[in-house]
Amino acid sequence: MTIDTSIVEESEELAKPSQAPMTGVVAARGRGGFGRRRAGGKPPKFLFMRNSKAVAGLVILAFFLLIAIIGPWIAPYDPSARSSDVLQPPSWQHLFGTTHLGQDVFSQIVVGTRGVIIVGFVAGILATAIGVIIGVTAGYIGGLGDETLSVLANVFLVIPQLPLIIIIAGQLPSVGGVTVAVVIAITGWAWGARVLRAQTLSLRKRDFVEAARANGESTWRIITVEILPNLTAIIASGFVGTVAFAVLSLITLSFIGIGNTGEWNWGTVLYQAQAQLALQRGAWWWFVPAGLCIALLGMALTLINFGIDEFVNPRLRSTGVNAKSLRKRGIRPRIGFTPVVRETDAPRTAIAPHLAEHTEPTDAARPADAARPADAAASAEAEASSPTSKGARA
Amino acid sequence: MTLTTPETGARRAPADDPVLEIRNLSVDYGYDDDPVHVLRDVSLTLGRGEVLGLAGESGCGKSTLAYAATRLLPPPGLITGGEVLFTGRDGRKTDILRLDDQSLRESRWQDLAIVFQGAMNSLSPVYRIGRQIADGILAHRPGMSKADAMARAAEMLELVGISPDRLRSYPHQLSGGMRQRVMIAMALALEPQVLIMDEPTTALDVVMQRQIVEQIAELRDRLGFSVIFITHDVSLLIEIADRIAIMYAGEIVEDAASLDVYQRPRHPYSSALLHSFPPLRGPRRELTGIPGSPPDLAKLGGGCHFRDRCAFAWDACAALAPRLTAPDVADDDPRRTTACLRHEPERVAAAGFEAKPVPAELAG
Amino acid sequence: MRFFLRRGLFYVITFWAAVTINFFIPRIMPGDPVRALIARNQGRIPSEAEASLRILFGLDQDTTLWQQYLDYWALLFRGDLGISFTYFPTPVSDVIAQALPWTIGLVGIATILSFTIGTLLGTGIGWRRGTWADSLLPISTFFSAVPYFWLALIAITIFSVTLGWFPASGSYDRSLIPMWSWEFVGSVIYYGTLPALTIVISSISGWILGMRNMMVTVSSEDYVTVAQAKGLSERAVMFGYAARNAILPQVSSFALSLGFIVGGTLVMEIVFSYQGIGYLLFTAVAAKDYPLMQGIFLVITVAVLIANIVADIAYGILDPRTRQEG
Amino acid sequence: MTSLRIPGPDRPDAPTGAPGDVVLQAVDLRKHFKLKGLGSRDVVHAVDDVNFELRRGRVLALVGESGSGKSTIARLLAQLMPLTGGSIRLHGEDAAVRNRRSFRRYVGRVQMIFQDPFGSLNPVHPVRHILTRSIRIHRGRLRGAELEEALVELLDRVQLKPAERYIEKYPHELSGGQRQRVAIARALAADPEVLLADEPISMLDVSIRLGILNLLQDLRDRLHIAILYITHDIASARYFADRTMVMYAGRIVESGDSESVTQDPKHPYTQLLVRSAPDPDDLEARARGARGEAPSLVKPPSGCRFNPRCPFATDLCRTEVPPLISVGDEREAACWGYSDRPDRPVLAPAGRGAERIETEGGAA
Amino acid sequence: GCSGDSGGGGDTGTKVLTVGMPNGPQQENHNPLATGSASLSLGYAFAVYESLMQVNEIDPTEAPTPWLAESVEWNPEYTQAIITPREGVKWSDGEDFTADDIAFSIQLRKDNPELNIDFPDQYGDISVEDGKVVVNFTTGQFVNEVKLYKLLIVPEHIWASENPVDFAGGDMIGTGPFTLKTFTPQAVTLVPNENYWGEKPKVAQLRYDAFNDNAGLTTALTTGEAQWGWTFIPDYEETFIAKNPEHYHQVAGGGFGVDVLYLNNETKPFDDPAFRQALNMAIDYADITETAGYGVWPEITSVTGLPQPSGDAFISDAYQGQEREVDIDGAKQVLTDAGYTWDGEALVDPDGEKVSFKLTNPSGWTDYLDALAIISEGAAELGAEATVDAIVQDTWFNDTIPFGNFQASLHWTDGGSTPWNMYSNIMDGASYVPLGETANWNFGRYQNDEVTQALATYKAATTDEERQAALDLVQQRYVEDVPGIVIWSRPAVAQYSTVNYTGFPTAEDPYANPQPTGPQAALILSKLVPTE
Ligand SMILES: Nc1ncnc2c1ncn2[C@@H]1O[C@H](COP(=O)(O)OP(=O)(O)OP(=O)(O)O)[C@@H](O)[C@H]1O
Ligand SMILES: Nc1ncnc2c1ncn2[C@@H]1O[C@H](COP(=O)(O)OP(=O)(O)OP(=O)(O)O)[C@@H](O)[C@H]1O
Ligand SMILES: [Mg+2]
Ligand SMILES: [Mg+2]
């Protein structure tokens with residue numbers, strides 16, 4: 001269950017600070033002179049792909065997508081087929097062991113990938129679509145329409161999501177994957193809508209939107225062509241978040257027995273395992289892999305979201321190189337203590353003779369000095385020493 | 001009442017009694033294999049009691065210089081060489097870049113304080129300004145009581161012309177000008193010897209700017225600190241600074257007394273800069289502007305970086321990097337320097353290029 | 001004043017809408033409590049009982065939905081939530097009152113722990129970006145990506161069944177009688193440890209991440225640099241300036257998550273056989289116990305709304321910019 | 001709403017009508033913003049009773065300190081927000097738009113350039129898209145070669161040559177000056193008669209500013225566009241504008257031809273403004289000791305809005321709003337000091353205004 | 001086990017017997033008459049209140065053991081019962097137990113339809129004559145005889161002044177071996193009744209623990225935290241008994257409860273008795289019992305579908321000893337005879353359509369779904385394509401089952417003390433309603449007047465011969481028409497641990513239904529003795 005939802009209505013001045021952590025997205029266009037502005041402008045293309053987290057996430061996701069597509073063909077067994085190898089631990093015949101009916105757990109997981117992915121993506125797409133339509137419209141039109149849509153979104157946020165899903169899912173005649181996805185979408189769009197609304201609200205006041213208006217663009221075009229593309233990252237991260245949420249919801253629903261246990265997905269595998277007390281019976285292989293797959297998929301989605309966040313908010317970007325190489329160079333990035341790395345350090349530590357006299361603490365009034373002599377000695381250096389690094393650079 | 005002493009000679013030369021010497025400071029942005037070399041061997045000296053103006057167009061590295069000199073450059077800034085020598089009242093020199101964390105913390109704010117461009121962002125929005133002034137004091141005067149620190153904060157506020165009952169205000173309750181003054185009060189609380197001000201008035205309108213500038217001048221006269229004043233508004237600098245250093249693309253290209261810079265620029269860039277803004281009074285002079293745009297610091301080649309935009313560039317400029325030297329003009333103040341090959345005929349000749357004379361515009 | 005009026009109106013409308021949805025959703029669900037009861041008992045309650053159960057639950061009269069809706073509001077204004085079917089004839093308010101403290105206690109403490117630890121970790125990670133601390137992120141992400149019940153069941157298998165360190169189910173030692181004795185309170189803590197730990201582990205990542213990102217954002221604000229320039233100690237800068245500002249949005253989402261505590265963590269309560277409102281809601285849904293369902297929804301809605309008000313106020317207290325004064 | 005002008009690409013560069021004809025006229029313009037929250041019926045008096053005319057081929061500068069309502073006027077003229085009172089007349093006819101159609105027609109003639117070239121271009125679209133949209137809106141569905149030609153011609157007009165180099169670029173790939181040029185090109189795509197330039201250079205670097213000003217000047221001269229030039233840089237108004245209007249707290253306080261307004265300011269506020277601007281040529285003529293800040297626009301001071309800061313203010317100034325009084329050739333100032341009322345304040349002679357402000361400013 | 005000491009340790013005199021129930025935390029409601037009250041849900045009502053007679057469901061032919069009633073005599077039509085109360089019984093508050101209490105308790109049910117679960121609209125006059133209670137019924141109650149015996153008796157002196165529907169039970173004044181000590185939502189503690197009329201129970205303390213679900217209870221049973229309870233434990237031998245083979249036991253009672261695969265007799269393909277028969281022959285019942293039911297639900301071997309041993313006495317002579325077995329060839333023969341053909345592997349019905357059907361059940365009911373999977377395999381052997389369709393429980397229960405919106409679906413039957421309920425639930429024409437209307441039993445819409453008549457006769461008959469004759473006919477039709485398919489028996493199952501107490505019913509000595517939630521609890525509790 002998501003808990004960090006907020007229905008606090010952003011008062012305008014709060015919009016920026018409060019938005020940041022929720023979405024992880026901060027408009028990077030600070031007011032810090034031209035240099036910084038330039039740095040904070042639209043990042044070059046493919047920067048996203050350079051983010052190692054995002055790449056790792058995309059690779060994992062692509063793997064699961066592939067399995068989702070080809071799963072039924074590569075699964076070694078029919079996931080529902082019984083065999084005489086009942087409740088066998090993992091072996092070469094059954095990579096993840098077998099169930100109480102002798103079904104191959106590996107095949108169930110491979111085949112079940114599709115169900116998970118479909119539900120995740122259908123829910124993600126639907127919820128995002130609803131969220132975009134309602135959020136952006138509310139943010140742009142303002143006034144009464146905005147208030148109404150906001151209340152709608154907030155009501156959906158106030159109502160606890162999982163119970164609502166349980167109730168709605170309970171009403172549907174059948175609980176195929178897609179219906180679960182629809183239910184998740186119906187209950188899960190509100191958060192995205194809120195974030196988008198807030199963002200649209202701030203975009204609406206941007207000059208380029210004003211400029212488009214002053215140029216006579218139609219409202220519809222302003223929303224779709226001028227505003228929406230600027231929300232891509234937020235929409236994408238909302239989408240990814242919803243997919244993750246939908247996957248977890250599906251699995252939880254399956255686990256508490258709502259949802260179609262006849263359709264193979266990781267949740268039904270877990271449900272079966274739990275209903276048959278796999279853990280109590282020591283059949284960990286039945287329970288553990290599906291959970292790890294979910295965790296892996298969830299992690300992949302989170303990593304992608306990290307990537308998006310960092311893409312949108314350059315401040316979050318990791319320091320460029322991994323910690324190891326920073327350590328190797330002796331750099332510790334810190335606020336307020338810029339690292340000093342001298343490529344040609346050796347000759348610079350000598351104390352210039354004519355400065356030596358200054359290094360003695362002559363004035364006791366400043367206690368700080370007492371603690372510093374060694375350092376001061378090290379730092380005070382030959383005035384005459386010639387610039388050493390210039391040649392190396394040129 | 002002016003900051004500038006009109007006669008150049010009467011000013012103390014910076015080298016005589018320097019309070020801050022920046023030597024060969026080099027700064028990179030980026031920790032990876034392909035960093036941007038933003039500052040390359042920049043040297044600058046600030047004399048005691050002097051107001052040093054640092055001008056140059058946006059993005060040329062003025063702020064970087066100020067932050068690097070105080071080691072406040074945010075990641076991914078990296079200082080790759082040079083030293084920043086601070087000379088205390090007792091004459092002891094310390095290299096700020098070599099101080100350990102503890103000593104650096106102790107040195108900060110007492111020796112050298114800094115005022116940033118946006119006062120809005122320089123004050124934490126959640127604390128009352130009194131507290132923000134006082135905690136800087138308390139950090140360096142451990143024995144001081146809170147009440148005393150507050151009293152000192154009140155005193156400082158009064159000094160900058162804000163009523164002490166504003167101590168209990170939050171930053172957002174103050175206007176931009178007041179916030180900027182609060183920052184100045186905060187910076188002066190420990191009576192530092194050096195005050196670095198990075199575009200302290202850019203966000204304000206002219207009337208407010210005038211007030212702040214006057215405030216600084218008055219305080220300097222009273223307290224006798226030195227100031228590095230950063231802006232790209234040259235006309236403002238000419239008014240308030242004793243000496244001006246003009247930066248271009250991460251390097252200092254001219255360093256001279258302010259009236260000298262204004263009336264007798266020696267570097268083509270300084271000269272062009274002075275012809276880029278219209279005068280408010282007097283004859284409408286011709287404005288030439290500077291053609292082209294500043295180079296990308298990430299892709300700097302050799303030679304003079306200004307050559308593409310320079311009216312006096314010739315083939316030597318692409319090959320030789322100019323050095324800061326005394327201008328090749330007779331009767332010039334010997335302490336002024338400029339980095340232009342037109343003033344380095346010997347070097348040009350030595351490198352096998354045709355040595356060209358200083359054009360009249362740069363020798364006036 | 002207009003602001004508060006608008007907020008007030010917003011709360012009222014949200015409340016009305018939520019209550020209305022809460023009213024209608026159970027009623028448009030197929031089935032009714034009696035059949036649900038019979039279905040659940042799979043033959044253990046004879047089918048002839050249906051008629052008598054219908055009379056028992058008062059489902060034998062036909063009233064229009066609209067009339068029921070009006071009656072519901074009338075009852076609500078009298079503070080009467082009706083009588084639960086599942087626990088007939090206990091009033092819904094009693095049923096909820098019995099379950100609520102457990103949920104609030106356990107989930108509340110877990111949430112507070114999770115928030116505190118997560119925020120502290122996030123502060124550290126955000127402050128020391130680019131160091132080993134960053135590697136904590138993927139680990140915490142993993143635990144938040146794992147389905148909660150999976151984590152909890154494995155925890156039970158390992159720590160309760162195999163190692164026997166913690167009890168596998170219940171809220172306290174069943175041989176004890178609830179009272180303010182050391183023994184009982186100790187038992188409550190002992191029984192709550194594993195559920196609380198699993199909640200903390202699976203929810204901490206959100207707090208870490210939120211705080212970390214905010215720290216990173218705030219760290220590059222000028223006032224943090226100014227604080228460093230002032231020569232304040234590392235602690236003072238990190239906590240007093242960076243974290244103090246970075247925490248603002250955390251606090252408001254914390255207040256909100258406190259609201260959702262009341263909703264309980266259904267799955268936790270199922271897995272750990274913990275008595276609480278989440279499980280109660282689950283039971284109510286399964287049993288088509290409309291009054292109970294509505295009652296619980298109402299309580300949750302009110303709690304979330306109150307939490308929102310608290311969040312509004314908390315933000316106001318922590319962020320002077322929102323306060324209107326001089 | 002009838003238009004004599006046929007919009008289209010075939011419109012000749014030299015339009016009909018003589019330079020100096022009134023194109024756009026603001027009559028008793030008034031804008032009050034409702035204040036959010038707190039139920040009170042307070043309004044921000046952003047613009048009050050503003051009258052002026054924009055003439056073909058002329059530049060009117062609007063100067064004044066931050067928050068005095070300059071941008072609001074521009075937005076009102078662009079009809080981006082509804083008026084609270086007064087009217088806008090285009091060629092003598094009420095230009096109030098009723099529907100989208102008439103709005104489009106209006107914006108085809110009155111275009112606006114925003115202050116911030118970094119914010120006014122959508123970062124997700126390349127130059128081509130930005131300009132194509134504008135062309136399509138105002139000139140109909142151009143395609144293929146025709147469109148290409150129009151694009152190149154537009155970029156040419158703003159001196160972004162060769163066009164190919166810029167046409168596919170995204171805003172972040174352009175420098176500030178180039179971006180502002182694109183923004184201007186977008187406005188020119190409509191072949192407007194009026195250009196509302198809201199601080200078009202304030203976010204730009206000194207060296208780039210001039211280029212934009214020269215470009216605008218060129219447009220004025222070549223296309224005879226009427227330009228409203230908003231700035232608070234009074235020197236650039238002198239350089240660029242034919243007439244200058246000074247605003248203070250939502251009201252026009254002085255207007256006249258630029259040269260005389262800047263050289264011989266009549267209104268005490270204009271005097272303060274002019275003397276506050278840094279001017280290296282005239283270090284002595286600076287205003288000193290000016291204190292105080294712009295008044296609240298929610299509860300503006302009664303009478304002359306400058307009275308709390310004015311060293312000459314009398315009871316009259318505090319009670320009655322001064323009308324614009326003719327103070328010379330085509331010059332007006334809203335100051336009682338120029339009326340012939342017996343209780344009028346006595347202003348210091350123009351040249352010595354500064355000292356008056358200096359000596360009495362503290363008390364104000 | 002974390003709380004092993006609470007269950008396992010301690011002196012003989014203070015050992016606690018913990019009964020675990022998977023119904024979640026409870027509200028304090030001790031009313032033994034209100035469905036859903038804590039006392040019924042957890043079952044402690046049966047330790048405090050007692051019934052008239054003890055019936056051994058495992059052996060229906062065994063005469064009931066007198067309990068609160070010395071005897072109950074019925075007239076031949078089973079419309080009148082004369083109850084003789086036991087002498088010397090006292091309520092736990094010291095008051096005497098009398099015939100009036102019995103009459104009151106029965107009258108209470110008659111007067112309050114919401115409490116009258118067992119004999120709705122069937123009570124006639126209830127009176128006390130000569131210290132005996134005379135209960136009249138409006139219809140013959142031969143098949144419901146046992147229900148009367150099982151009624152819990154409450155004290156008139158307490159209940160007369162209360163509204164029995166929402167009375168929370170007060171201090172639980174009963175005649176049973178235990179009295180209430182404490183109630184908490186998680187656990188209810190009982191201690192022996194000092195005034196008990198029988199032998200003083202040897203269980204020093206009895207505690208009913210609430211768990212939130214089967215898994216929780218299973219864990220508790222395996223750790224010994226709960227010592228008596230009943231839940232479906234998959235692979236109970238490994239999961240449960242193997243944890244402590246000496247002390248952990250699972251026993252199954254008897255009774256006539258079964259699970260039935262209802263076949264929709266009015267839609268294809270089950271409108272053809274031949275196909276129904278063939279399917280019946282193709283299903284591997286042993287596999288179903290073993291795999292889907294883990295052997296918890298005993299296999300039914302008799303072709304009549306009657307569970308054994310409780311059904312032994314009822315099996316018609318014609319089918320005595322005939323056992324169900326998988327006979328694919330036979331089944332195919334039946335189909336061939338009925339005009340079915342095969343298209344390759346696929347079965348084609350006489351109309352030329354391929355045979356396929358859906359097996360519908362609520363998702364999450366894993367034992368049913370597993371059974372359906374095996375049934376579909378059987379169908380596949382015949383060439384019929386059967387798919388398992390898991391649907392939402394509520395839909396299944398509210399739309400699918402009553403309206404006949406299914407082709408085949410598993411459902412339970414009522415237990416009862418004779419085979420009547422089972423057969424009636426499957427094939428009683430009296431319950432027939434057309435498809436689309438709400439059916440109450442006979443979900444498969446089997447209609448055969450003979451059978452309907454026979455079932456009615458069985459209920460109303462006054463002699464055993466008449467009854468057996470009727471039952472013979474019903475069995476014959478069941479075997480030949482296959483209106484539905486009984487797949488396994490659904491006896492009362494219980495798990496218990498003998499770590500603290502012994503004396504529970506065992507497979508060898510099945511003296512009572514072994515579950516704690518029923519009137520037999522009083523009997524079992526009286527037989528328990530502490531271990532050394
Ligand atoms: N994080 C960064 N990564 C890469 N380059 C940077 C970074 N921050 C600044 N720069 C570059 O360093 C150069 C110098 O920036 P700096 O802020 O010092 O300029 P400045 O002279 O102070 O400009 P301004 O007048 O706009 O304040 C600029 O070209 C800028 O693009
Ligand atoms: N949408 C608005 N709602 C409320 N007040 C507004 C709004 N827009 C502007 N104002 C107020 O109107 C006044 C005039 O604002 P305007 O932007 O026109 O000033 P300006 O002269 O353009 O200032 P600057 O030089 O800083 O751009 C200001 O006090 C401002 O706060
Ligand atoms: Mg800067
Ligand atoms: Mg403006």
Side-chain angles (χ1 to χ4, degrees), chain B residues 1-4 6 55-60 161 175-178 201-211 213-214 218 231-240 258-259 261-263 269 272-285 287-294 296 309, chain D residues 63-68 174-178 201-214 232-240 248 258-259 262-264 269 272-294 296 309 357-358 361-362:
Chain B
M1 287 303 267
T2 68
L3 290 183
T4 335
E57 56 194 28
S58 213
C60 63
S175 73
M178 282 163 99
T201 60
T202 311
L204 308 174
D205 67 49
V206 273
V207 180
M208 189 54 66
Q209 166 174 318
R210 169 69 47 206
Q211 292 180 24
V213 162
E214 269 170 32
E218 189 193 322
T231 179
H232 44 227
D233 186 345
V234 194
S235 44
L236 181 66
L237 272 193
I238 291 162
E239 274 190 46
I240 63 165
S258 59
L259 278 181
V261 170
Y262 181 50
Q263 283 149 5
Y269 175 66
L273 205 54
L274 292 167
H275 284 95
S276 299
F277 58 90
L280 180 56
R281 240 159 274 137
R284 281 163 155 265
R285 68 167 173 243
L287 298 179
T288 50
I290 310 174
S293 52
D296 183 349
R309 309 171 72 185
Chain D
V63 299
E65 67 185 337
S66 196
S68 55
L174 301 174
S175 75
Q178 290 165 343
I201 56 165
S202 74
M203 304 291 249
L204 298 177
D205 207 321
V206 222
S207 62
I208 309 168
R209 289 182 174 191
L210 198 60
I212 298 294
L213 285 188
N214 287 338
H232 41 226
D233 177 4
I234 196 158
S236 75
R238 175 193 180 208
Y239 169 78
F240 171 53
Y248 184 78
S258 301
E259 194 62 29
T262 51
Q263 301 310 308
D264 177 25
Y269 172 68
L272 174 67
L273 190 64
V274 169
R275 277 160 186 69
S276 294
D279 180 11
D281 292 316
D282 191 2
L283 295 179
E284 296 312 306
R286 289 177 298 204
R288 295 261 158 63
R291 281 287 149 92
E293 290 171 23
S296 148
R309 298 171 75 185
I357 293 177
E358 180 187 349

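Predicted, not measured: the structure shown is a model, and the values here were computed from it. In what follows, every heavy atom counts, from backbone to side chain, and hydrogens, waters and symmetry copies are set aside. Letters A, B, ... are given to chains in the order of the sequence lines, protein chains preceding strands, and every chain is numbered from 1.
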Check whether D:Glu65 gets within reach of chain B through its side chain, its backbone, both or neither, counting any heavy atom under 4.5 Å. both

Between D:Gly211, D:Ala235, D:Gly177, who has the most heavy-atom pairs with chain B when the cutoff is under 4.5 Å? D:Ala235

With a 4.5 angstrom heavy-atom cut-off, is it the side chain or the backbone of D:Ile234 that approaches chain B, or both, or neither? both

How close do D:Pro278 and B:Val206 get, heavy atom to heavy atom, and via which atoms? CD-CG1, 4.3 Å

Is B:Pro279 close to D:Arg238 at the side-chain level, that is, under 4.5 Å between some pair of heavy atoms? yes

Between B:His275 and D:Leu210, the two heavy atoms sitting closest are O-CD2, 3.9 Å

Closest heavy-atom pair, B:Leu280 versus D:Val274, reported as atoms and distance to 0.1 Å, is CD2-O, 3.3 Å

Which one, B:Pro278, B:Ala272, B:Gly177, B:Pro291, leads in non-hydrogen pairs under 4.5 Å with chain D? B:Pro278

Euclidean distance, B:Arg210 CZ relative to D:Arg275 CZ, rounded to 0.5 Å: 11.5 Å

CE-OG distance between B:Met208 and D:Ser276, expressed to the nearest 0.5 angstrom: 10.0 Å

Heavy-atom distance under 4.5 Å to chain D: side chain of B:Gln263, backbone, both or neither? neither

